[in-house]
Structure formats: C-alpha cells, structure tokens
Amino acid sequence: MFIIDLSISSHMIQRPRGTRDFGPEEMEVRRHHEGMMRREAVLHGFKEIATPIFEHTELFTLKSGPGVVEEIYAFQDKGGREICLRPELTASVMRFFVNDLATLPRPLKLFYFGQCFRYERPQAGRYREFFQFGAEIIGNPTPETDAEAIGLAAAILERTGLKDYRIRIGHIGILKEMLAAAGVSGDAALPILQKLDKKAYAEAEGLMAQAGVDARAAEEIISTTNIIGPVSVLGSREGPASDYIRQVCEMLLAMGFSNVSVDLGVVRGLAYYTGMVFEVDAPKLGAEKQICGGGSYSLSELFGGEKVFSTGFAIGFDRTLLALQTEGVEFVKPGVTAFVVPIGDSVRSKAFQMVSELRRAGIAADVDLMRRGIGKSLKYAATIPSRYAVIVGEKELQSDSVTLRDMRSGEQSLVPTEELVAVLRA
Ligand code: HAM
C-alpha cells in the first residue's frame with residue numbers, strides 16, 4: 001500500500017519532460033480520431049491486438065544493435081531483468097506472432113493503437129511519450145499486400161480530413177542492390193543506409209569510402225536517393241525492385257489514391273526493412289513533418305520463428321492531430337443531447353429519474369449537480385455543450401410535462417414526459 005505523508009510540505013510536481021497531460025476537450029478530439037482510425041481499419045478487414053507497454057530490451061537490440069538502448073527507456077527491474085518501454089510496436093507484434101499467432105490463417109491483418117516511448121530531445125511534434133496507430137499484414141510478400149497496407153494508411157489520413165500531405169514510396173532493395181554491386185552487402189550496408197536516410201551525404205560518402213565503394217559508384221548511389229516524382233521518374237530503370245514499386249503504385253492509383261510519389265531516397269531509420277518502404281509528410285509541420293512511416297520487413301526469424309515477410313506502418317497519432325490543427329480542420333464536440341435542470345428541491349429526484357431513463361434509452365444526458373438556478377444551469381449546459389435543456393418544474397410536472405429548450409435557437413416547448421425519449425431521438 002502507498003502511504004502519502006501529508007505533513008511534508010508540498011510543492012508542485014511537474015510531469016516528466018517530453019510527456020503531456022490531455023484535458024477533457026483534447027481527449028474528446030483524440031478519442032474521436034482514435035475511434036475513426038479503428039473503424040477504418042475494421043472496414044479494411046484488420047483486427048485489433050494489444051501488447052505490453054514494456055518488453056525485454058533484447059526485443060529491440062536483436063535487430064538494431066546495443067546502440068539503440070541510448071534512444072529508449074531501458075532499465076533493470078527488481079528481478080534484474082533488462083526491460084524497456086516499447087519505442088514502437090512492430091517488434092512486439094512479431095514477437096506475439098511467433099509466440100502465439102503463427103498457426104492462424106494468413107495473411108494476418110492486425111492493427112494496434114498505443115503509446116510508445118523514445119528517449120529523444122523533445123521539441124514541437126517530438127515527444128518522449130507519443131501514440132501510434134499502426135497495422136501489420138503478416139504473411140504474403142506481394143505488391144498487393146503492400147498496396148493494401150499503404151491503402152489503409154492513406155484511407156485513414158483521407159478520413160481525418162487532412163488535405164496537405166504526400167505519400168512517398170521507395171524500395172530499400174534499390175540502394176541495397178547498388179551497395180551490394182559495389183561490394184557492401186548484408187548488415188554492413190546498414191550504417192550507410194542510415195546516413196542516406198538522414199541525407200547526411202558527407203558521412204555516407206565517408207562510410208562508403210571506408211567500405212571500399214569507389215567514388216563513381218558512391219556518387220551514383222547518392223544521386224539515386226534524390227530521384228523523386230511520379231512513377232515515370234523510374235524511367236526505364238530495370239530490376240525487381242523498380243518493377244515492384246511500379247506495381248504498388250499502379251494498384252494505389254486503381255484504389256483512388258492520387259497523392260502518391262516515388263522517392264528512392266526513402267530509406268527509413270529502423271533496421272528491419274527489406275523491400276518497399278514509404279513515408280507520409282505533412283509539410284506544414286516543419287521539422288517533424290513525418291506523420292506516418294512503414295514498409296515491408298522480416299523479423300519473425302529473429303524471434304525464433306520461421307521467416308515470414310510482413311508489411312506495416314505506423315501513423316504518428318499526435319503529429320497527425322497537430323497537422324489537422326495547422327489546417328484548421330474543425331472537430332464537432334459531441335457533448336450531450338440533453339441537460340436536465342430541476343427547478344427546486346421537490347423535483348430533484350424526478351430529474352434524476354428522467355436523466356437515468358434517457359441514458360438507458362441510449363441518449364447522452366447530463367443533470368445539474370450544483371443546485372444552481374436556471375440561468376446558471378443553462379449557461380453551463382451551453383458549454384458542455386448540450387443540444388437541449390430539459391427543464392423540470394413542479395407546475396409542469398403536475399400535467400406530466402417538462403419544458404424542452406432548444407439550446408441553439410432558444411425556443412421552448414412543453415413536452416409530455418412519456419414522449420421525451422421519442423422527441424429527443426427524433
Ligand atoms: P517510425 O517511423 O519510427 O516507424 O514511427 C512512425 C511514426 O511515429 C513517425 O512517422 C512519426 O509520425 C511518429 N513518431 C516517431 N517518433 C515520434 C516522437 N518522438 N514523437 C511523436 N511522434 C513520433 C515505426 O515505428 C515502425 N514500427 C512503423 C512500421 C510498422 N513499420 C512496419 N510496420
């Protein structure tokens with residue numbers, strides 16, 4: 001049991017750096033969008049899962065190396081286990097898949113919503129605790145799988161009402177193939193790809209020189225990362241990776257998503273990607289403009305399972321909401337349908353009976369708890385907001401009626417109590 005010693009003089013305790021509190025108004029907006037994203041995923045045939053917020057640190061160091069510990073919240077628990085707060089969910093989903101879901105029919109189309117933690121320098125749009133809405137399709141490496149994954153991300157973003165964003169699709173195979181041809185293959189290519197991802201060209205050049213890549217090949221690799229535009233920028237470029245992107249783009253176009261470009265500079269910071277990779281930017285957000293990232297990868301073999309290819313993405317929930325804010329996308333507050341105001345002590349129980357009946361009938365309703373007069377109660381009802389006020393007075397009750405006030409127009413009418421549910425439903 002925790003005992004709080006109140007005799008100790010108190011001071012204001014601030015929340016940890018990089019975290020946020022969400023007030024009621026903000027939570028209303030967040031839950032609205034979260035619900036919409038869930039519904040969209042279900043509409044696309046995905047099913048929700050949840051995994052623990054903390055995991056064995058090994059889950060993340062296995063692929064990314066021990067260096068990743070610097071970027072995450074890692075610690076030893078009281079049993080001496082190396083534990084960390086999850087920095088993302090893809091590794092968790094694949095661990096769960098290998099442990100328990102591997103026998104389910106494929107493809108498995110899964111989605112999740114939850115918080116992630118990264119030990120980053122906080123700034124606008126970059127937090128230490130943030131939320132991701134993500135999805136993974138496990139078990140079928142085809143262009144249509146990838147189009148289906150990007151299609152869900154695109155459909156969700158479209159549904160939010162966001163206007164200014166771009167979907168950029170690349171293929172990690174293109175740069176990997178070029179590096180391999182220049183003599184750098186496998187995990188040795190990872191540090192170079194990470195520098196290319198950050199467009200840190202001088203450092204990438206240095207690493208390539210160290211790895212024995214000749215200057216002309218290095219230059220060609222760097223200029224490839226600047227190829228961006230409609231599918232036609234692929235020109236007559238041959239090879240399985242280019243053909244693959246062409247097919248993914250064709251499918252997305254058929255699905256009605258037109259704000260899609262090819263960008264061979266999309267490399268992605270995470271180490272597990274193997275094929276198609278994509279990112280979505282909302283340019284108005286400035287430095288932290290990436291609102292979604294994903295691609296195809298294989299991780300299951302690392303966690304003791306058979307090698308299975310998957311494709312997934314995660315939408316940065318917080319950044320998406322910031323982007324909506326910068327575009328001024330309005331959100332209609334749900335509030336309640338009815339606010340019940342008893343006039344005087346004698347009708348208070350009756351008011352509570354009514355508010356319960358409304359709630360049982362599925363009508364969102366609230367009731368005065370402060371014993372305030374009608375004027376103040378109506379003012380409060382307007383802030384919730386409530387669409388109607390139900391004024392319960394002694395005199396009206398004698399004829400089994402209440403006064404219904406339209407909070408928008410101010411119009412009032414007498415409604416028989418037994419008709420109240422029907423009237424409010426209509
Ligand atoms: P990620 O690009 O590291 O990918 O993160 C996805 C999104 O999370 C980013 O595009 C960004 O919007 C948001 N995000 C990342 N860090 C922060 C932060 N510190 N504060 C606020 N938002 C942030 C992944 O996590 C992969 N697991 C995606 C994936 C799923 N790939 C395949 N399947």
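Please read these numbers as outputs of a predicted model, since none were measured by experiment. As the structure lists them, so they are numbered: ligands from 1, and atoms in each ligand from 1.
Nearest to atom 2 (O) of ligand 1 by heavy-atom distance, out of E136, R319, R268, K289, is R268. Proximity annotation for atom 31 (N) of ligand 1: of F130, F317, Y273, Y273 comes nearest, heavy atoms only.
With respect to K109, the side chain to side chain donor-acceptor pair (under 3.5 Å) criterion is satisfied by exactly one of E136, E148, H44: E148.
Not close to ligand 1: D318, with no non-hydrogen atom less than 4.0 angstrom away. Residue contact annotation: G125 has a non-hydrogen atom under 4.0 Å from ligand 1. Proximity of Y272 to ligand 1 is established by a heavy-atom distance of less than 4.0 Å. Within the 4.0 Å heavy-atom cutoff, C292 counts among the residues contacting ligand 1.
Of the charged side-chain nitrogens involved, none lies within less than 4.0 Å of a carboxylate oxygen, so that R118 and E71 do not count as a salt-bridged pair. Between E279 and R268 a salt bridge is recorded (basic side-chain N to carboxylate O distance below 4.0 Å). Remark: E203 engages K195 in a salt bridge, criterion side-chain N to carboxylate O under 4.0 Å. E306 and R106 are joined by a salt bridge, as a carboxylate oxygen and a charged side-chain nitrogen come within less than 4.0 angstrom of each other.
Every atom of ligand 1 is numbered from 1 in the order shown, and the set under 4.0 Å from a heavy atom of T90 is 26 (C), 27 (N), 29 (C), 30 (C), 31 (N), 32 (C), 33 (N). Atoms of ligand 1 lying under 4.0 Å from at least one heavy atom of I291, given by number and element, are 10 (O), 12 (O). Here is the list of ligand 1 atoms found below 4.0 Å of a heavy atom in G294: 31 (N). Each of the atoms 10 (O), 28 (C), 29 (C) of ligand 1 lies under 4.0 Å from some heavy atom of G293. Near E88, with a cut-off below 4.0 Å to any heavy atom, the atoms of ligand 1 are 25 (O), 26 (C), 27 (N).
For a threshold of 3.5 Å applied to N or O pairs, the pair formed by R118 and ligand 1 contains at least one separation below that value. Residue-to-ligand polar distances keep R126 apart from ligand 1: every N/O pair is separated by 3.5 Å or more.
Contacts of Q290 with ligand 1, taken as heavy-atom pairs under 4.0 Å, involve both backbone and side chain. Contacts between Q132 and ligand 1, counted as non-hydrogen atom pairs separated by less than 4.0 Å, involve the side chain only.
The aromatic rings of H171 and Y244 sit perpendicular to each other, their planes meeting at more than 60°, with 30° as the lower class boundary.
If you check the side chains of S92 and Y112, you find no donor sitting under 3.5 Å from an acceptor. There is a side-chain donor-acceptor pair under 3.5 Å between Y201 and N226. A donor-acceptor contact under 3.5 angstrom links the side chains of Q123 and E288, judged on distance only.
A search for ring pair (Phe, Tyr, Trp, His ring centres under 6.0 Å) contacts involving Y119 returns Y73, not counting sequence neighbours.
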